[in-house]
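Structure first, commentary second.
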Amino acid sequence: MTGDRTIQRAAEIIKRGGIVAFPTETVYGLGADAFNPLAVARVFEVKKRPSFDPLIVHVADPADVKKLAKEISSDAKKLTERFWPGPLTIVLLKEENIPDIVTAGLPSVAIRMPNHPMALALIEESKCPIAAPSANLFGYLSPTTAEHVRDQLGDQVDLILDGGPCPVGVESTIVSFLEEEPMLLRPGGVSLEEIESVIGEVGTSPSEDRPTAPGMLPKHYAPRTPIILDWSEKSIDLYKDKNIGLLVFQEPVNNLKLRPMEILSKRGDLREAAANLFAAIRRLDALNLDLIVATPIPEVGLGRAIVDRLRHAASKEE
Ligand code: TXA
Ligand code: MG
């Protein structure tokens with residue numbers, strides 16, 4: 001476990017304009033001082049992230065929303081009271097002083113208070129909000145261990161804080177409050193059901209004239225190996241000559257038992273499945289397979305976030 005001293009060192013790096021990878025309860029982030037545009041620019045550079053894709057600003061105290069956003073609606077406040085610290089990001093109209101590079105020039109800002117002692121200590125010690133995307137190369141799977149970060153970005157970041165595996169395993173749920181009706185921009189670690197139990201109905205399909213999460217390009221969260229979804233016994237013949245690996249929710253596919261297989265949750269628990277998702281896909285991706293096939297996953301609760309990530313990973317559109 002990384003001790004207080006290391007967190008101090010990490011905070012010094014952030015204060016000096018450096019970049020630090022750190023654990024959160026969802027995935028590892030790659031952080032910089034949100035008020036230092038040059039430091040934030042390095043995050044974009046290291047990730048090879050296009051500049052039109054804004055970052056989430058992480059805070060250690062809900063009161064800091066006031067410094068970042070013009071106002072917080074009562075629904076947004078209710079959600080932060082219920083789910084912060086935790087895997088929920090809210091999108092609000094931004095305060096002028098946030099550098100444009102953080103928000104990709106948008107008039108809004110995404111804010112979240114993570115539920116991880118190291119992330120919170122780092123933000124507190126750095127004495128600034130931390131802008132951080134997931135600590136992976138753009139388009140690839142998010143990292144859920146320090147080793148995942150080291151493998152991809154190791155020599156390009158100033159420090160990696162190791163907090164072990166991320167307990168939630170999928171990114172935060174993003175809800176926008178820019179319109180009359182709250183809008184779900186990305187399903188994630190807090191389920192839609194939980195959110196609606198606090199504020200009532202939430203829109204789920206941003207249309208063209210509505211805001212979307214600009215970074216949610218069709219292809220995202222993708223391994224190098226092609227991945228297809230909704231595997232069925234019928235499709236076995238089609239792929240019989242291929243070197244395939246299986247990503248299954250609970251039950252092994254009987255006649256494919258000898259293939260490399262990752263079971264997300266033997267007891268059929270969607271939380272456990274979410275926590276295992278990215279590491280399981282990475283393990284399959286390391287096997288040089290022709291194809292990864294995923295069996296269906298129930299689209300309720302955290303299953304929504306899992307299916308969303310798999311659909312993006314499987315998308316053929318760039
Ligand atoms: O769990 C998480 O949210 C993780 C950890 C590190 O906190 N972070 C994360 O960041 O997933 P990233 O950059 O990989 O995804 C952030 C998403 C992007 O799709 C981006 O487009 C969207 O948030 N986003 C950021 N600011 C936005 C804004 N002002 N309006 C709409 N979407 C925004
Ligand atoms: Mg990401």
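All of these numbers come straight from a predicted model, not from anything done at the bench. First listed ligand is number 1; within each ligand, the first listed atom is number 1.
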Give a yes/no verdict on whether any heavy atom in T103 is under 4.0 Å from an atom of ligand 1. no
Single-linkage hydrophobic cluster F35~L38, side-chain heavy atoms < 4.5 angstrom: no
Counting from 1, what ligand 1 atoms have a heavy atom of D53 closer than 4.0 Å? 18 (C), 20 (C), 21 (O)
Geometric N/O contact T24 with ligand 1, under 3.5 angstrom: no
Ligand-side contact atoms (ligand 1) for residue partner S108, heavy atom cut-off under 4.0 Å: 28 (C), 29 (N), 30 (N)
Heteroatom proximity flag, S172 to ligand 1, N/O under 3.5 Å: yes
To which of V91, L92, T173, I130 does the heavy atom nearest atom 30 (N) of ligand 1 belong? V91
Below 3.5 angstrom, do we get any N/O pair linking H58 and ligand 1? yes
For the pair Y221 and F278, name the ring-plane relationship: parallel under 30°, tilted 30 to 60°, perpendicular over 60°. parallel
Distance under 4.0 Å to a non-hydrogen atom of L106: what atoms of ligand 1 satisfy this? 28 (C), 29 (N), 30 (N)
Which of R309, R112, R186 passes side chain to side chain donor-acceptor pair (under 3.5 Å) with E171? Answer is R309
One thing to verify: whether E95 and K67 come together as a salt bridge, which I'm taking to mean a side-chain N less than 4.0 angstrom from a carboxylate O. no
Determine whether T26 and V170 satisfy the following criterion, side chain to side chain contact (heavy atoms under 4.5 Å, CB included), listing intermediate values before the conclusion. CA-CA 5 Å; T26 58; V170 289; over 6 Å; no
State, without any angle test, whether N136 and S134 hold a side-chain donor-acceptor pair at a distance under 3.5 Å. yes
Can a donor-acceptor pair be found between the side chains of S191 and E194 at a distance below 3.5 Å? yes
Within ligand 1, which atoms have a heavy atom of I174 less than 4.0 Å away? 17 (C), 22 (C), 23 (O)
N or O contact, T89 vs ligand 1, cut-off under 3.5 Å: no
Within the 4.0 Å heavy-atom shell around A110, which atoms of ligand 1 are there? 25 (C), 26 (N), 27 (C), 29 (N)
Step through the shown structure and confirm whether more than 12 heavy atoms of other residues, nucleotides or ligands are within 6.0 Å of CG on N288. no
Using a strict 4.0 Å cut-off to heavy atoms of T26, name the atoms of ligand 1 that fall inside it. 1 (O), 2 (C), 4 (C), 5 (C)
Centre of F138's six-membered ring, under 6.0 Å away, within 45 degrees of the axis: is that where NZ or CZ of R49 sits? no
For R112, is at least one N or O under 3.5 Å away from an N or O on ligand 1? yes
Among R16, R42, K15, R9, which residue satisfies the salt bridge (Lys or Arg N to Asp or Glu O under 4.0 Å) criterion with D158? R42
Would you mind listing which atoms of ligand 1 come within a distance below 4.0 Å of any non-hydrogen atom of P133? 10 (O), 12 (P), 13 (O)
Heteroatom N/O/S of S142 within less than 2.8 Å of the Mg ion (ligand 2): no
Does K94 come within less than 4.0 angstrom of ligand 1, counting non-hydrogen atoms of the residue? no
Does R49 approach ligand 1 within less than 4.0 angstrom via side chain, backbone, both or neither, non-hydrogen atoms only? side chain
Reported CG-to-CG distance for the pair N115 and L88, which is rounded to 0.5 angstrom: 12.0 Å
